[in-house]
Protein chains: 2
Amino acid sequence: MEPGITDVTSNHDLHSADCQKVSQVLARVGDKWSILIVMFLVQEPRRFSEIKRAINGISQRMLTLCLRGLERDGLIKRTVYAVMPPHVEYELTPLGRSLTEPVIALGTWAFEHIADIEAARTAFDMQEENKGGPTPWQS
Amino acid sequence: MEPGITDVTSNHDLHSADCQKVSQVLARVGDKWSILIVMFLVQEPRRFSEIKRAINGISQRMLTLCLRGLERDGLIKRTVYAVMPPHVEYELTPLGRSLTEPVIALGTWAFEHIADIEAARTAFDMQEENKGGPTPWQS
DNA sequence: CGGAATCCAGACGGATACTG
DNA sequence: CAGTATCCGTCTGGATTCCG
């Protein structure tokens with residue numbers, strides 16, 4: 001029996017192959033850089049160095065890896081212009097563009113509920129703190 | 001309007017504090033187990049061992065960690081019944097329940113485009129293969 | 001039953017140096 | 001400019017053991 005889940009809306013079969021594939025897509029969205037890159041490319045095609053500058057903090061190694069992964073999944077298209085110095089452009093494919101819709105929906109949800117989440121975290125952390133020991137202050 | 005990004009669709013500032021927080025939520029969704037757990041809890045409250053059985057392949061360590069993280073973010077609620085043997089139930093909070101909506105949207109997109117993505121991967125991998133060496137077949 | 005604690009291998013990812 | 005290759009520390013996460 002395989003691990004995983006099937007249809008997100010009906011989980012009477014929490015371990016089908018379909019579900020594993022869906023999880024792979026969710027992992028892409030959850031990837032630290034991939035979606036940032038996709039959202040940056042929504043407006044227009046961009047060069048490697050433009051992306052690197054825009055996505056603050058990404059290493060060139062990770063940028064290369066992410067771009068390769070996105071290209072492999074058919075979400076972006078890579079175009080090389082045979083000039084000197086090299087000129088490479090990345091742009092969203094129709095598939096990649098269609099992904100932005102549910103991603104924006106999720107991002108909007110996140111933005112709208114950040115306050116709730118942070119409040120919950122603070123409350124939770126305070127509870128945890130009270131379990132560390134009986135009034136360690138003023139020992 | 002405050003400095004920084006307030007709209008996921010406009011990325012002229014991809015490294016603001018807001019954006020980082022949104023990324024944290026996306027990371028939750030992309031987490032290997034968290035969303036599987038959330039979707040499993042949509043129907044009804046579940047016990048620890050029920051979840052463990054449903055989510056095939058998860059270790060009890062990871063289940064504990066995931067549940068703690070989800071509880072900390074206010075997405076699920078943990079209820080302990082003081083009986084012997086121990087009985088602990090997990091259920092979605094309203095916040096967690098509201099998250100399922102955009103997640104289902106994303107999951108639906110993923111499910112609908114799995115074929116496209118796998119086709120793109122196959123095509124990409126075949127291109128890569130042709131770069132390994134000149135016709136290694138029939139050596 | 002529902003964890004917590006420990007150990008440990010392997011994956012992830014940054015920094016750096018080199019190349020066409 | 002747009003990568004590739006290598007090194008290497010960090011973190012993730014599975015397996016195992018013990019506890020209330």
Side-chain angles (χ1 to χ4, degrees), chain A residues 2-4 20 23-24 26-37 40-41 45-72 76-91 124 127-133, chain B residues 15 20 23-24 26-37 40-41 45-72 76-91 124 127-128 131-133:
Chain A
E2 321 286 319
Q20 294 180 22
S23 287
Q24 289 179 18
L26 297 199
R28 260 237 165 299
V29 173
D31 180 75
K32 188 174 179 182
W33 308 110
S34 293
I35 287 304
L36 257 44
I37 295 172
F40 179 64
L41 294 179
R46 299 286 190 170
R47 302 183 55 167
F48 184 89
S49 48
E50 285 182 304
I51 304 174
K52 181 151 176 20
R53 269 191 303 276
I55 313 291
N56 203 290
I58 193 171
S59 65
Q60 72 219 90
R61 173 185 146 84
M62 280 293 94
L63 180 53
T64 300
L65 259 44
C66 283
L67 289 171
R68 286 278 178 275
L70 292 168
E71 186 192 2
R72 190 173 105 97
I76 65 176
K77 179 170 170 288
R78 178 171 179 266
T79 307
V80 181
Y81 297 92
V83 297
M84 200 44 196
H87 185 120
V88 180
E89 276 195 354
Y90 296 89
E91 63 185 313
F124 184 90
Q127 290 298 320
E128 293 296 280
E129 197 173 329
N130 293 352
K131 288 160 47 181
Chain B
H15 38 272
Q20 292 180 26
S23 286
Q24 289 180 18
L26 297 199
R28 264 245 158 302
V29 173
D31 180 75
K32 189 175 179 182
W33 308 110
S34 293
I35 287 305
L36 259 45
I37 296 171
F40 179 63
L41 294 179
R46 299 285 191 172
R47 301 183 55 168
F48 184 90
S49 47
E50 286 181 304
I51 303 173
K52 180 152 177 21
R53 268 192 304 276
I55 313 292
N56 204 289
I58 193 172
S59 64
Q60 72 216 107
R61 174 184 145 85
M62 284 326 292
L63 180 53
T64 301
L65 259 44
C66 283
L67 289 171
R68 284 279 178 276
L70 292 168
E71 186 192 2
R72 191 173 105 99
I76 65 177
K77 178 170 171 290
R78 177 172 179 266
T79 307
V80 181
Y81 297 91
V83 296
M84 196 49 195
H87 185 119
V88 181
E89 277 195 354
Y90 296 89
E91 64 186 313
F124 184 91
Q127 291 298 318
E128 293 295 281
K131 288 160 47 180

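Fair warning: this is a prediction, and the values are worked out from it, not measured in the lab.
- Within the nucleic acid shown, Pro85(B) comes within 4.0 Å of sugar-phosphate atoms alone, with no base atom in reach, counting heavy atoms only.
- Residues satisfying the side-chain hydrogen bond (donor to acceptor under 3.5 Å, both in side chains) test with Arg47(A), not counting sequence neighbours, are His87(A).
- Counting heavy atoms from C-beta on, the side chains of Ile55(A) and Leu63(A) never come closer than 4.5 Å.
- Taking atom CG of residue Leu63(B) and atom P of nucleotide dG3(C), one finds them 8 Å apart after rounding to whole Å.
- Under 4.0 angstrom from either OP1 or OP2 of dG2(C) there lies at least one side-chain N or O belonging to Arg47(B).
- The distance from atom CZ of Phe48(A) to atom P of dG20(C) is 18 Å, rounded to the nearest whole Å.
- When distances are taken from the side chain of Arg68(B) to each of dA4(C), dG2(C), dT4(D), the shortest belongs to dA4(C).
- Between Ser49(B) and the phosphate of dG2(C), there is a side-chain N or O to OP1/OP2 separation shorter than 4.0 Å.
- The shortest side-chain heavy-atom distance between Thr79(A) and Glu91(A) falls under the 4.5 Å cut-off.
- Tyr81(A) comes within 4.0 angstrom of no nucleic acid atom, judged by non-hydrogen atoms across all strands.
- A straight line from NE2 of His87(B) to P of dG3(C) spans 11 Å, rounded to a whole angstrom.
- Distance, Gln60(B) CD to dA15(D) P: 10 Å, rounded to whole Å.
- Judged purely by atom type and a 3.5 angstrom limit, Arg78(B) has no side-chain atom pairing as donor or acceptor with the backbone of Leu67(B).
- A straight line from NZ of Lys52(A) to P of dC1(D) spans 12 Å, rounded to a whole angstrom.
- Considering CD1 of Ile76(A) and CD1 of Ile51(A), their distance stands at 6.5 Å, rounded to 0.5 Å.
- Residues Arg68(B) and Cys66(B) are not in side-chain contact: their nearest non-hydrogen atoms beyond the backbone lie 4.5 Å or more apart.
- Residue Tyr90(A) has no polar side-chain atom (N or O) positioned under 4.0 Å from OP1 or OP2 of dC1(D).
- Between the CD atom of Glu128(B) and the C1' atom of dG3(D) there is a distance of 13 Å, rounded to whole Å.
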Would you tabulate the nitrogen or oxygen pairs shorter than 3.5 Å linking the protein to nucleotides 9-14 of chain D?
{"residue": "dG13(D)", "atom": "N7", "partner": "Arg61(B)", "partner atom": "NH2", "Å": "2.7"}
{"residue": "dG14(D)", "atom": "OP2", "partner": "Ser59(B)", "partner atom": "OG", "Å": "3.0"}
{"residue": "dG14(D)", "atom": "N7", "partner": "Arg61(B)", "partner atom": "NE", "Å": "3.4"}
{"residue": "dG14(D)", "atom": "O6", "partner": "Arg61(B)", "partner atom": "NE", "Å": "3.3"}

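- To the nearest 0.5 Å, atoms CD1 (Ile58(A)) and CG (Leu36(A)) are separated by 8.0 Å.
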